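The figures here come from the full heavy-atom set of this structure, side chains too, leaving out hydrogens, waters and symmetry mates. We count residues from 1, following the sequence as given. Predicted model only: the values in this text are computed from it and were never measured.
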Amino acid sequence: MHTIFKFRAGLMAVLLTAACGQGDKSPAEAPAAPYAGATAAVMDTMLPATYEASGVAQPLADATLSTKLMASVTAVLVTEGMRVAAGAPLVRLDAADLDAKARQAVAGVSAAEAAHGDALSQATRIRALYADSAAPRAQLDAVEAGLARAAAGLEAARAGNSELAAVRAYGVLRAPFAGVVTHRFVDVGDFAAPGAPLVTVQDASRLRISAAVPASMAARVRTGTRLTARIEGIEVPAVVEGVVPSAATMYTINAIVQNRDGKLPSGGAAVLTVPSATTMRTLLVPREAIVREGDLTGVRVVGVGRAELRWVRLGDTRAGRVVVLSGLNAGERVALPVAGR
C-alpha cells in the first residue's frame, strides 16, 4: 500500500511540474509586432522666430442707426439675429406732420414754377419790344429783375422741398448694408429722440484684427503682407490692411480676415503671428497628425507596437506643418491618419 501511494504522489508531482512549465510560456514574452500604420518623424529645424500679438476680431461693417426726428415708433420690422438686405426697412417712425409739410412744400414749388414762368414770359415780351425800340430801358430792367427774383424763389422752393424730403427719410430707418441685426433698442410705442440708438446692423463677412506689436516687429510688416491668425483657436489666413503707430515704441497692425461662411465669431479673441528677424530651434509635425478633443491638442506617438496619445502645446502653422512648443522630442515618430477615415 505504501509503495502504491508513493508512486501515485510522484506521478502527480511530475504532472504538476509539467503543467507549470507550460503556463510560463505566456504571449507577453513574444516580441511585439511593429506599428503598421503610416508615421512621420518629428522634424527638428531652425525657423524664423515669431511674435504672437493679441487682439479682438471685430466686424469690418458695424452700424448703429439713429434718427434726427423726435417721433414715436410706429413699427419695428426686425428682430435680433435677423439677416437683412441692403436698404431693407428696419424701423418706422410717426412722420404725419412731415407728410403735411411735404404737401405744402410741393405746393410751394408749383407756385414758384408758375411765378417763374410768368416772369419769363414778360421778360421775353419786353426784350422783343426793347429790341424794336418800343419799350424803354427801365421797363426791360424791371422785368429782368422780376425774372431773377422768380428764379431765386423757384430755387429756394426746390431746395426746401429737397431738405424736407431728406428729413422725411429719417422716418424710415433702412439697413445701410446687408448684414445681421445684432441689437434692437426700441419697440412699438417708444419715443425716438435725435441721436438715440434704435437698431444695430453688423456685417461679419469680413473681420478686422487690431493687435499691438513692438516697432521692431512692425518694420517687417506692410500693407498686403499675409500673416497667420487664430480666432478663438481657429487658424485662418489674414492680410495686413495697415500699420500705424499707437505709442512711443508700439505699433498697431490691422489685418483683415475673410469670414463669408460665418464660422468665425464676431468679437472673438484673436492672435496675429508676426515674423521676427531672429531664428530659433523648432519642432514640426504634419498638420494631419494633430488630434483635437475640445480645447486639447495632441498627437499619437508611435512606441513599441502601438501609438499612444500624448497631449502637446502647439504654435503656428508653417507650410503645412504645425509648430510643437512642448510635449515632443526630436526624432520621435507620430502616427498619421489612415486614408479614408
Side-chain angles (χ1 to χ4, degrees), residues 60-79 82-179 181 183-203:
L60 203 61
D62 190 344
T64 298
L65 307 181
S66 60
T67 182
K68 290 185 176 181
L69 304 179
M70 294 186 67
S72 60
V73 177
T74 59
V76 180
L77 307 175
V78 293
T79 57
M82 180 181 294
R83 182 168 292 278
V84 294
L90 308 176
V91 177
R92 296 186 188 277
L93 304 177
D94 183 8
D97 57 336
L98 292 179
D99 292 339
K101 291 180 180 179
R103 290 191 292 270
Q104 293 177 357
V106 171
V109 170
S110 298
E113 288 175 342
H116 180 266
D118 182 60
L120 180 60
S121 297
Q122 291 190 34
T124 302
R125 182 171 60 83
I126 297 302
R127 287 167 185 167
L129 292 175
Y130 179 78
D132 293 337
S133 301
R137 178 70 187 186
Q139 188 175 8
L140 176 62
D141 291 342
V143 296
E144 292 288 2
L147 178 59
R149 287 192 298 271
L154 177 58
E155 185 65 24
R158 287 174 174 171
N161 187 45
S162 298
E163 181 182 9
L164 184 60
V167 174
R168 287 182 67 202
Y170 285 96
V172 180
L173 272 68
R174 299 182 180 274
F177 45 77
V181 176
H183 289 91
R184 165 181 161 172
F185 298 96
V186 292
D187 292 304
V188 174
D190 290 345
F191 189 79
L198 302 180
V199 66
T200 298
V201 179
Q202 186 181 99
D203 177 15

Taking all non-hydrogen atoms of both residues into account, name the closest pair between [X] and [Y] and its distance.
| X | Y | answer |
| --- | --- | --- |
| Val143 | Ala123 | CG2-CA, 3.9 Å |
| Ala157 | Val109 | O-CG2, 3.4 Å |
| Ala192 | Leu198 | CB-CD2, 4.0 Å |
| Leu147 | Arg127 | CD2-NH2, 3.5 Å |
| Gly87 | Arg174 | O-NH1, 3.2 Å |
| Gly146 | Ala119 | O-CB, 3.9 Å |

Nearest-0.5 Å distance that lies between atom [atom1] in [X] and atom [atom2] in [Y]:
| X | Y | atom1 | atom2 | answer |
| --- | --- | --- | --- | --- |
| Asp203 | Asp62 | CG | CG | 9.5 Å |
| Asp94 | Leu69 | CG | CG | 10.0 Å |
| Leu60 | Gln202 | CG | CD | 11.0 Å |
| Leu154 | Ser110 | CG | OG | 10.0 Å |

TODO: Name all residues meeting the ring pair (Phe, Tyr, Trp, His ring centres under 6.0 Å) criterion together with Tyr170; count only those two or more places apart in sequence or in a different chain, and write none if there are none.
DONE: none
Side chain to side chain donor-acceptor pair (under 3.5 Å) involving [X] - partner list, sequence neighbours excluded:
| X | value |
| --- | --- |
| Arg83 | none |
| Gln139 | none |
| Gln122 | Asp118 |

Task: Heavy-atom side-chain contact between Thr64 and His183 under 4.5 Å - done: no
Open item on the list: The criterion is side chain to side chain contact (heavy atoms under 4.5 Å, CB included); which residues satisfy it with Ala175, sequence neighbours excluded?
Closed with: Val84, Leu90
- [ ] Could you list the residues that satisfy side chain to side chain contact (heavy atoms under 4.5 Å, CB included) with Asp190, not counting sequence neighbours?
- [x]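 Only Val73, Val186, Asp187 meet the side chain to side chain contact (heavy atoms under 4.5 Å, CB included) criterion with Asp190.
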